[in-house]
Amino acid sequence: MKEKYVRPSWDEYFSNMVDAVATRATCDRGRAGCVIVKDKQILVTGYVGSPKGLPHCDDVGHLFKKVIHEDGKVTQHCVRTVHAEQNAITQAARRGIALEGATLYVRMTPCRTCTMLIINTGIKRVVCQMKYHAGEESEAMFKEAGIQLDFISEETLKYDKQ
């Protein structure tokens, strides 16, 4: 007897698309994608990559900067690329697509800067495949701004050479 096919939920469907979009990413440290949806229709996508016309990490290597935190902890961040969320938001702006009331799907909790941009676009819900190791501040900002934040998994993503 053949098992009945079970269609993915809308969140699973759009989250799976995040993975497909991420295949275009040009930074092997964090191949991330973003899909922004409204009324079950994709408005725009974005992936992590260098600004137009500038070299990509995959071609010339990473551009690491060290950050010293208040507690003395030192982390490394690649600053050559634009985040997937930022690229999706800028694509919407270039095409005149309003994001008010939309849902954003992404691989992990957005960083602080992406969170501020998401808040200012009017996006009302963010769905993450997993948590980001340094996402607590973003989680608090989303809560304070009244933006629904959902995680498909409670797993925390960590990068090499953090």
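Numbers here are sequence positions counted from 1. This one's a predicted model, so the numbers in the text were calculated from it and none came from an experiment.
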Legend entry - Flag if over 12 foreign heavy atoms under 6.0 Å of CZ, Arg24: no
Legend entry - Within-4.5 Å side-chain heavy-atom neighbours: Cys128 and Met108: no
Inset, instruction - Taking the side chain as every heavy atom from C-beta outward, state whether His83 and Cys111 have any pair of such atoms under 4.5 Å apart. - result: yes
Inset, instruction - Applying salt bridge (Lys or Arg N to Asp or Glu O under 4.0 Å), name anything that partners Asp58, two or more places apart in sequence or on another chain. - result: Arg31
Inset, instruction - Not counting sequence neighbours, which residues clear ring pair (Phe, Tyr, Trp, His ring centres under 6.0 Å) with Phe14? List them please. - result: Trp10, Tyr105
Legend entry - Of His69, Lys66, Lys65, the residue whose pairing with Thr75 passes side-chain hydrogen bond (donor to acceptor under 3.5 Å, both in side chains): His69
Legend entry - Pro110 to Thr115 - nearest heavy-atom pair and separation: O-OG1, 3.4 Å
Inset, instruction - Only pairs at least two apart or in different chains count here, so list each side-chain hydrogen bond (donor to acceptor under 3.5 Å, both in side chains) that has a residue in residues 32-49. - result: none
Inset, instruction - Examine distances only and state if a side-chain atom of Thr81 and a backbone atom of Val48 form a donor-acceptor pair shorter than 3.5 Å. - result: no
Legend entry - Closest contact, heavy atoms only, Ile36 versus Ala88: CD1-CB, 3.8 Å
Legend entry - Side chain to side chain, Asp11 and Arg125, heavy atoms closer than 4.5 Å: yes
Inset, instruction - Flag the pair Gln86 / Cys114 as yes when at least one side-chain heavy-atom distance between them is below 4.5 Å, and no otherwise. - result: yes
Legend entry - Donor-acceptor contact below 3.5 Å, side chain Gln129 vs main chain Ser15: yes
Legend entry - Gln148 and Lys124, any side-chain heavy atoms less than 4.5 Å apart: no
Inset, instruction - Report yes or no: does Arg80 contribute a side-chain atom to a donor-acceptor pair with the main-chain N or O of Ser50 at less than 3.5 Å? - result: no
Inset, instruction - Would you indicate whether the side-chain heavy atoms of Gln91 and Ile97 approach each other to under 4.5 Å? - result: no
Inset, instruction - Check Ser9 against Glu12 and note the closest heavy-atom contact, atom names and distance. - result: N-OE1, 2.7 Å
Inset, instruction - Using side-chain contact (heavy atoms from CB on, under 4.5 Å) as the criterion, point out the one residue from Asn16, Val127, Val106, Val18 that pairs with Val35. - result: Val18
